[in-house]
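Step one of this worksheet: look at the structure below.
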Number of protein chains: 4
Amino acid sequence: MARPSNTEERRQQIVQGLLRVMAERGYERASITEIAKAAGLSAGLVHYHFTEKQEILLTLVEQLAGRVRERVKTRLERVKGGARAQVDAFLDAFLATGEDADPASVAAWVTISAEAVRQPEVRAAYEKVVRADLEHLEELVGAVIGRRRARAVAAGLFAAVQGYFVLSTAAPGLTPPGSAAGTVKRMAAGLLDAAESQEGT
Amino acid sequence: MARPSNTEERRQQIVQGLLRVMAERGYERASITEIAKAAGLSAGLVHYHFTEKQEILLTLVEQLAGRVRERVKTRLERVKGGARAQVDAFLDAFLATGEDADPASVAAWVTISAEAVRQPEVRAAYEKVVRADLEHLEELVGAVIGRRRARAVAAGLFAAVQGYFVLSTAAPGLTPPGSAAGTVKRMAAGLLDAAESQEGT
Amino acid sequence: MARPSNTEERRQQIVQGLLRVMAERGYERASITEIAKAAGLSAGLVHYHFTEKQEILLTLVEQLAGRVRERVKTRLERVKGGARAQVDAFLDAFLATGEDADPASVAAWVTISAEAVRQPEVRAAYEKVVRADLEHLEELVGAVIGRRRARAVAAGLFAAVQGYFVLSTAAPGLTPPGSAAGTVKRMAAGLLDAAESQEGT
Amino acid sequence: MARPSNTEERRQQIVQGLLRVMAERGYERASITEIAKAAGLSAGLVHYHFTEKQEILLTLVEQLAGRVRERVKTRLERVKGGARAQVDAFLDAFLATGEDADPASVAAWVTISAEAVRQPEVRAAYEKVVRADLEHLEELVGAVIGRRRARAVAAGLFAAVQGYFVLSTAAPGLTPPGSAAGTVKRMAAGLLDAAESQEGT
DNA sequence: TATGAATGAGGCTTCATTCAT
DNA sequence: CATGAATGAAGCCTCATTCAT
């Protein structure tokens, strides 16, 4: 008698709509009307499934985080080799070009960073995601060089990743195509070597 | 009888107003009225000195770029030591904490990156600035390891800088305070060492 | 085979839902969804049992009127004493504090008065109820002082009752608590005395 | 050079627009568009002079209160006679029909009472006005019968006034036309007589 | 009967831009 | 140059009502 709920499906559509529109319009300019259109739904329906626009954005943050986590997990499982190879795998999960590269998601993520500056709720969600990723990387790095220096090294590598996101989105063509993953892995190698040789100091 | 023009002064005030407001509201939410208030001027006057809102943003991009260029120049002049020390000086100009560190400008720059995603004119201005900085760094790096690998290395280091900007603004407290400059310089050392030892390959 | 209709029960639930919501949100802001939630039903069902929102309100008017009529009837039956005691009983039915006092209903009634200003159908329903009550009071008053002055006196007493409703709802704490019934009965005494002594004039 | 401000004039127009529209539509249904139209202004301009719709309502409350205060003051100044005559004058200021009677304001006031039920800010403003009027009446009554009973008597008379407002607006034609002021004054007489004869009890 | 999705109109509010003074 | 009023176009959100299931 009761009508089966399709809310989850609709929410998915809407979040994907935001992703698409946001990648080329930014968040503020991504109007509910446009998001709805991109999702193939009516504008009113968007507010039936989401209390407010920001909630769509927060859901998207979760979703993007989940996808990356998935990619990291997959790559780490495939890794043969020691702790250093795991660090590389982690970095590849973020930067490797290939079929799972997703420019729209990267653009959305850059936009989200900027929104985090001014929307406390977005900042909280963003921080949570970044903290988790950062701690994961720190753990992998720590397995190579020990706890003490792991944090700063992880932060540096993660910053490089985020920086490539920004540059590839906001100024495409300025960074040598396809070089990101390799360069960051070389940075990692340099930092890890230096730290290892200092260990015990 | 004509009174002396104060246009340049007014434009300065307005651009600084945008800088202040943008750091906490983003660009879209920085209304002309608010910018004017932050500048201590009336709303109408803003459009007397700038044709449209975007023009203020473009002027701000130029200005921020100019300030950094100044800081780079100053630090390079002070450097004693070789090509490697110059690379470090360049990186310090962007990341060193100290009296010339300016969180509002960094926040504004992060916002500008996001706006570059959706406004062609902003993107052009952003790209121009990034290209100039990148080429400068590439030149400094090239002096150490040669032309061939300079581009990718410079891009990597520059990405790390931009990434630190994003993280320090959007997720403050997650990166070890004060570690940015040191870490990026260590990254530089690692990349330069590796490249030097490979040179001629 | 046909299941027994529960329409009357459902309508009751819905009307009570409106009563509850209206007391704190007013009529306009009492959305169908909220009314349904307060009634423990789904939103769609509300429109199965009522053609439109206004119909719920009109039903509520009838219901509130019915309850008061009941209370008046009960109190009049209990009265021992003459015509004056009946007037007092009538007033007590509206104003006496005690277990049958119902702030939510009073608040709803105040809201209904305001809606009567702008909705002709509500005004008609409101007028019908007020007219009946007023005529009843006029009759009781007339038994004491005669027809001629009964109307104005009844109107005055009824106005005082309505005024206490408004004040107790919209500015609670400003009228001495528990004094309403006593004061209006004293007003009645004064008016009836004065009229009686003038009778035949 | 600076353009002279006409804000006060515009605010007046807008508040009067709300008064007119509210008298026949209620507050919720009085859209900004309609208010603007009634004021002969554009909708956007309304929000240039008032931060939000509620602010117009609060301003109207103040204004209506001011007008009544004025009328009370005028009538009290004209009064020859003692304390009782002053009570009558006060009641006349609210209820007397004549050129200063203003049905639209009365209707607005009834609507305001209902809004006070659900909007805290409106309630605060409403309470403030009612408290002031009530205290004034209490003082006048106290001059006749002493402090002890003044409060309840004043509240009763004030309630009767408010009740007449409601009835005359929401159910016009049910109260004998022109009888309100006379009846309430008779109520006052009755209450004051009774209290005086009891004084010292 | 009952559910909950869907629609579409309309409301409040914000804001870049224009313009009279 | 400067002020501040004025406009008009969106944008977000709410909601009564309809409808497929």
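Labels below follow one simple rule: chain letters A, B, ... track the order of the sequence lines, proteins then strands, and each chain is numbered from 1.
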Should C/R11 and C/E55 count as an ion pair when the cut-off is N to O under 4.0 Å?
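Salt bridge between C/R11 and C/E55, a charged N being under 4.0 Å from a carboxylate O: yes.
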Using a strict threshold of under 4.0 Å (side-chain N to carboxylate O), is an ion pair present between B/K53 and B/E28?
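The answer is no: the pair does not qualify as a salt bridge.
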Please determine whether the number of non-hydrogen atoms from other residues, nucleotides or ligands lying under 6.0 Å from atom CZ of A/R67 exceeds 12.
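Check passes, neighbour count above 12.
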For B/R25, does the CZ atom sit with more than 12 other heavy atoms under 6.0 Å from it, leaving out its own atoms?
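Open: at most 12 neighbouring heavy atoms sit under 6.0 Å from CZ of B/R25.
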Can you find a side chain N or O atom of [X] that sits less than 4.0 Å from OP1 or OP2 on [N]?
X	N	value
B/T33	E/dC15	no
C/N6	E/dA2	yes
D/T7	F/dG4	no

Side chain to side chain donor-acceptor pair (under 3.5 Å) evaluation trace for B/T33 with B/S31
CA-CA 5 Å; B/T33 302; B/S31 70; 4.6 Å; no
Here DNA chain E, pairs taken as Watson-Crick or G-U under 3.5 Å and shown with ( ), [ ] when crossing and | when to another strand, reads .||||||||||||||||||||
Rounded to the nearest Å, what distance is computed from the CD atom of residue C/E34 to the P atom of nucleotide E/dG4?
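In whole Å, E/dG4 P and C/E34 CD are 17 Å from each other.
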Measure CZ/A/R11 against P/E/dG4 and give the value in whole Å, please.
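In whole Å, E/dG4 P and A/R11 CZ are 16 Å from each other.
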Within residues 16-32 of chain D, residues whose heavy atoms come under 4.0 Å of DNA chain E:
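Those residues whose heavy atoms fall under 4.0 Å from DNA chain E, taken from residues 16-32 of chain D in numerical order, are D/A30, D/S31, D/I32.
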Using a cut-off of strictly less than 4.0 Å between a heavy atom of the residue and any atom of DNA chain E, enumerate the qualifying residues of residues 35-60 of chain A by number.
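Nucleic-acid contacts, sorted: A/S42, A/G44, A/L45, A/Y48, A/H49.
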Write down the atom of D/A43, the atom of D/I32, and the distance for their closest heavy-atom approach.
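Answer, listing the atom of D/A43 first, then D/I32: O-CG2, 4.0 Å.
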Do the side-chain N and O atoms of D/Q16 and D/Q63 include a donor-acceptor pair separated by under 3.5 angstrom?
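Result is yes, a qualifying pair exists.
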Could you go step by step and tell me if D/H49 and D/L41 meet the side chain to side chain contact (heavy atoms under 4.5 Å, CB included) rule?
CA-CA 11 Å; D/H49 291 291; D/L41 303 172; 5.9 Å; no
